[in-house]
Amino acid sequence: MKFKLPKSVYNWISIVGATIALIAFFMIIFLFSISFFLDRGGTYLGLVIYIILPSFLVIGLILIPIGMLRERSRKKDLKDSSKRLPYIDLNDVRHRNAFFIFLVGTSIFLLLSAIGSYEAFEYSESTEFCGQVCHTVMNPEFTAYKNSPHAKVRCVDCHVGSGADWFVRSKLSGLYQVYAVAVNNYPRPIPTPIANLRPAQETCEQCHWPQKFYPRKLLVHKHYLADEENTEWQIHMAMKVAAQTSAEGLSEGIHWHINPEVKIEYVSSDETNQEIAWVRYTNERTKLSVTYIDEENPIDEEALSTSKIRTMDCIDCHNRPSHIYQSPAFFIDEAMAAGRIPSSLPGIKSIAVELCDEEYSTIDEAMKTIDSTITKYYDENYPELVETSSPLIEEAIIGFQNEFSKNIFPEMKVRWDAYPNNIGHVEFQGCFRCHTDTHTSTSNRIISKDCNLCHSIYAQGSPATLQTASFYESLEFEHPVDIDEVWKDSFCTDCHTGLAP
Ligand code: HEC
Ligand code: HEC
Ligand code: HEC
Ligand code: HEC
Ligand code: HEC
Ligand code: HEC
């Protein structure tokens with residue numbers, strides 16, 4: 001017996017459709033098996049298996065009935081049948097075959113698409129998808145993320161969170177982003193704060209929550225001055241994240257701002273919340289509130305009434321929890337402390353910092369310039385050193401190139417100064433956006449800039465002459481180079497910009 005199908009199937013549109021669908025189907029099965037059983041493929045394979053091929057499969061399947069309908073209406077034109085709509089006659093062997101193919105095909109298709117759309121969903125939430133598919137665009141965020149404390153937290157845990165509404169919102173904005181990348185008109189660097197970042201209560205607080213007690217955190221920073229000897233200068237300090245002794249809760253210390261009984265609101269006159277002239281603190285228990293206005297920089301009533309009031313949460317301080325682009329002053333110091341850039345090479349800090357301040361159009365150009373400039377610098381200034389310790393210079397070049405490419409991304413115009421970092425006050429105003437001593441309430445309460453409010457300095461100085469504090473005391477800050485008492489009345493950012501001042 002011959003296997004027969006309705007005549008209307010035999011038209012070129014349906015045949016092409018069926019061919020596309022079959023090829024796509026077998027490719028999906030094939031690639032899926034490879035990635036599943038052999039664990040091969042990586043990032044782009046997921047995009048092909050779960051998004052591109054299924055689109056072809058669906059297009060192919062849609063073409064089959066389209067071709068059939070067209071064929072029918074053409075036939076109808078020819079012999080004007082009285083049957084106007086397509087009908088199924090199960091007594092006709094062609095119809096029966098087509099009907100069973102349709103039934104079995106649809107069931108398999110529905111089952112596979114249920115699995116497929118779940119896989120597509122999982123895939124579109126994966127870190128590879130977010131971070132690697134649009135390689136150039138996301139390279140800075142992805143690279144910094146991999147070197148951050150959150151390297152094991154998925155992008156979507158911070159950027160999307162759970163629930164259908166944020167899912168839809170983020171996928172819609174994602175579609176626009178795909179379009180922007182396709183037509184190559186995305187901003188460089190990508191602007192922040194991100195308009196549709198989910199509130200911290202629903203993201204950060206899934207893993208860290210305000211009631212959680214954090215004790216003090218000890219920081220040890222080793223700095224190297226930009227002089228010929230790369231003079232080392234250490235600072236050991238304890239960040240008063242919470243109170244010194246009370247383990248009960250967050251009644252004092254830096255995390256006081258997120259104490260559930262405390263509400264801090266502020267108004268900023270710029271997009272990135274760097275200028276803050278109005279702050280209100282409300283005690284949620286007593287409902288008493290204090291309003292502070294910056295005397296140096298007062299905001300006028302009209303601007304205030306039209307401004308958006310923002311309630312402070314984690315992101316107002318930890319705005320770079322994952323995409324941390326360190327400043328040259330910081331990342332070069334860190335690499336020198338770890339021995340990745342030899343600190344015994346004279347002047348290496350100074351030349352490396354200068355190289356970070358250049359404008360480059362591509363990372364390759366930066367790598368070449370670094371190599372040639374450092375080589376030339378030592379050839380010209382330290383010819384005897386080149387003879388005795390050229391491997392050290394080579395090590396410095398490679399070490400510095402590595403650090404550079406983790407923190408500076410010329411193609412996307414991303415570097416430390418593209419995004420302010422609000423933890424601290426040395427290179428960006430950070431805490432000193434409010435803690436200025438000049439934000440004053442009508443009852444003369446101020447937001448204090450006292451150097452002991454947020455941290456205690458336990459030790460400071462060069463290793464040979466390190467001053468240390470007695471137990472739980474704090475040293476008065478000593479500036480590593482003599483600048484008189486200037487640091488007391490000015491802001492650190494007046495001189496420090498991330499390079500060597
Ligand atoms: C720990 C939470 C967290 C994780 C994990 C995370 N992000 Fe972010 N991301 C943020 C925050 C917070 C901002 C916004 C910073 C701001 O508003 O100043 C941000 C900003 C961004 C921006 C805007 C540009 C910029 O650098 O500010 C992009 C793009 C981005 N993230 C992509 C990603 C990608 C891709 C991943 C995964 C590889 C990821 N993020 C993982 C928290 C996170
Ligand atoms: C899915 C869970 C998860 C989410 C969501 C998350 N974090 Fe984390 N966070 C972690 C883990 C895990 C660590 C690492 C802890 C460790 O190394 O001891 C961490 C560490 C940190 C640290 C300490 C960093 C350091 O230098 O040691 C900070 C600050 C932080 N997170 C802030 C945030 C902020 C702000 C957000 C929201 C934008 C956030 N986290 C969202 C899991 C998460
Ligand atoms: C007023 C600014 C501010 C706010 C608001 C804030 N933090 Fe912090 N947080 C800090 C500072 C400063 C540190 C000390 C660590 C440092 O300097 O790197 C810190 C430390 C941490 C640490 C590391 C603690 C440790 O011992 O390792 C985590 C985790 C953290 N914060 C999470 C959060 C989360 C989650 C929120 C929101 C619920 C939040 N923070 C709100 C300023 C803040
Ligand atoms: C939006 C404004 C604002 C920013 C930004 C801000 N603070 Fe505060 N902070 C306040 C206010 C308001 C108070 C309460 C002042 C008072 O006592 O009247 C306060 C109080 C504090 C206190 C004393 C809490 C206690 O024990 O009573 C510490 C510590 C502190 N802040 C640390 C920080 C650190 C560290 C940063 C930067 C990471 C920071 N703050 C950023 C507004 C801010
Ligand atoms: C409102 C809180 C606050 C006040 C007030 C404050 N600091 Fe800090 N300070 C911080 C934070 C937060 C950091 C960043 C810690 C980190 O690197 O994570 C910091 C970092 C530092 C560092 C380390 C810099 C480095 O890169 O090694 C020094 C030094 C320092 N502060 C000195 C001072 C001096 C001097 C004053 C008084 C004029 C002062 N601080 C006032 C919160 C504060
Ligand atoms: C009048 C300008 C000026 C001010 C204000 C100033 N500094 Fe400096 N700072 C310098 C100079 C110049 C150097 C030496 C830079 C070098 O050789 O690398 C320096 C070096 C440092 C270093 C070590 C080198 C490094 O790696 O950055 C630290 C830490 C530092 N300053 C902290 C601070 C802090 C904290 C404040 C604010 C309380 C501050 N400075 C305010 C000019 C200033």
Side-chain angles (χ1 to χ4, degrees), residues 126-134 137-146 148-159 177 187 189-195 197-198 200-201 203-219 237-243 250-259 262 264-268 272-273 276 278-281 290-292 310-325 412 414 418-425 429-436 439 441 443 445-448 450 452-455:
S126 72
T127 300
E128 302 91 74
F129 178 75
C130 304
Q132 281 173 294
V133 169
C134 310
V137 191
M138 284 299 140
N139 185 31
E141 280 74 24
F142 186 61
T143 309
Y145 157 90
K146 279 189 306 193
S148 85
H150 290 109
K152 300 272 170 196
V153 175
R154 297 185 312 161
C155 315
V156 290
D157 286 343
C158 291
H159 284 281
Q177 286 152 18
I190 298 171
T192 43
I194 313 179
L197 193 69
R198 198 168 180 176
Q201 285 79 3
T203 52
C204 318
E205 292 183 18
Q206 301 300 311
C207 299
H208 319 275
W209 54 101
Q211 290 82 354
K212 163 118 178 53
F213 177 79
Y214 291 100
R216 297 190 162 198
K217 180 173 179 179
L218 187 65
L219 295 182
M237 54 188 205
M239 299 303 302
K240 303 179 179 177
V241 183
L250 296 160
S251 53
E252 288 172 77
I254 297 170
H255 276 179
W256 168 85
H257 304 78
I258 48 158
N259 182 328
V262 170
I264 310 268
E265 294 160 301
Y266 69 85
V267 163
S268 168
T272 52
N273 301 333
I276 298 181
W278 181 96
V279 181
R280 180 166 64 200
Y281 152 48
V290 187
T291 304
Y292 314 79
R310 182 175 155 84
T311 303
M312 195 169 184
D313 66 26
C314 321
I315 305 291
D316 291 290
C317 299
H318 298 282
N319 65 332
R320 319 265 358 136
S322 188
H323 318 296
I324 315 169
Y325 310 111
M412 285 302 294
V414 167
Y419 305 106
N421 183 342
N422 292 334
I423 286 275
H425 52 79
Q429 277 301 78
C431 312
F432 288 1
R433 290 171 300 160
C434 299
H435 288 265
T436 55
H439 283 69
S441 77
S443 59
R445 233 174 120 156
I446 54 162
I447 311 184
S448 167
D450 177 356
N452 289 323
L453 181 73
C454 310
H455 43 61

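One is the number of the first residue; the rest follow in order along the sequence. Just so you know, ligand 1 is whichever comes first in the structure, and atom 1 is the first atom listed for that ligand.
Here His318 contributes atom NE2 and Ile324 contributes atom CD1; the two are 10.5 Å apart, rounded to the nearest 0.5 Å.
For the pair Asn422 and Asp316, the minimum side-chain heavy-atom distance is 4.5 Å or more.
The salt bridge (charged side-chain N to carboxylate O under 4.0 Å, His left out) test applied to Glu205 returns no partner, not counting sequence neighbours. The ring pair (Phe, Tyr, Trp, His ring centres under 6.0 Å) test applied to Tyr292 returns no partner, not counting sequence neighbours. The ring pair (Phe, Tyr, Trp, His ring centres under 6.0 Å) check on His425 picks up Phe432, with sequence neighbours excluded.
The Asp313 neighbourhood of ligand 3 comprises atoms 5 (C), with distances under 4.0 Å to a heavy atom of that residue. Interface of Cys158 with ligand 1, defined as ligand atoms under 4.0 Å from a residue heavy atom, comprises 1 (C), 2 (C), 3 (C), 4 (C), 5 (C), 42 (C), 43 (C). Under a 4.0 Å criterion applied to the non-hydrogen atoms of Gly253, ligand 4 contributes the atoms 24 (C), 25 (C), 26 (O), 29 (C). Atoms of ligand 3 found under 4.0 Å from any heavy atom of Met312 (numbered from 1 in listed order, with element): 1 (C). Atoms of ligand 1 found under 4.0 Å from any heavy atom of Tyr325, numbered from 1 in the order shown, are 26 (O). Listed by number with element, the atoms of ligand 1 under 4.0 Å from a non-hydrogen atom of Asn319 are 15 (C), 16 (C), 18 (O).
Residue contact annotation: Cys454 places no N/O/S atom under 2.8 Å from atom 8 (Fe) of ligand 4. Atom 8 (Fe) of ligand 1 lies at 2.8 Å or more from every N, O or S atom belonging to Cys155. Counting backbone and side-chain atoms alike, His257 contributes an N/O/S atom closer than 2.8 Å to atom 8 (Fe) of ligand 4. One of the N, O or S atoms belonging to His323 lies under 2.8 Å away from atom 8 (Fe) of ligand 1.
For atom 8 (Fe) of ligand 3, the tally of protein N/O/S atoms lying closer than 2.8 Å stands at 2.
With Leu453, Val267, Asn259 as candidates, the residue nearest to atom 23 (C) of ligand 4 on a non-hydrogen basis is Leu453. Atom 10 (C) of ligand 1 has its nearest heavy-atom neighbour, among Arg198, Met138, His159, in His159.
Backbone and side-chain nitrogen or oxygen atoms of Tyr266 are examined, and none is located within less than 3.5 angstrom of a nitrogen or oxygen of ligand 4. The distance criterion of under 3.5 Å between nitrogen or oxygen atoms is met by Tyr292 with respect to ligand 4. Checking only distances, Glu141 does come within under 3.5 Å of ligand 1, N or O to N or O. Here's the thing with His435: one of its N/O atoms is less than 3.5 angstrom from an N/O atom of ligand 4.
If you look at Ile315 next to ligand 1, the close heavy atoms, those under 4.0 Å, all belong to the side chain.
What sits closest to atom 15 (C) of ligand 3 on the protein, heavy atoms only, is Lys217 CD, 3.8 Å.
Within the structure, ligand 1 has Arg320 among the residues with a heavy atom less than 4.0 angstrom away.
No hydrogens or angles considered: a donor-acceptor pair under 3.5 Å links the side chains of His208 and Tyr214.
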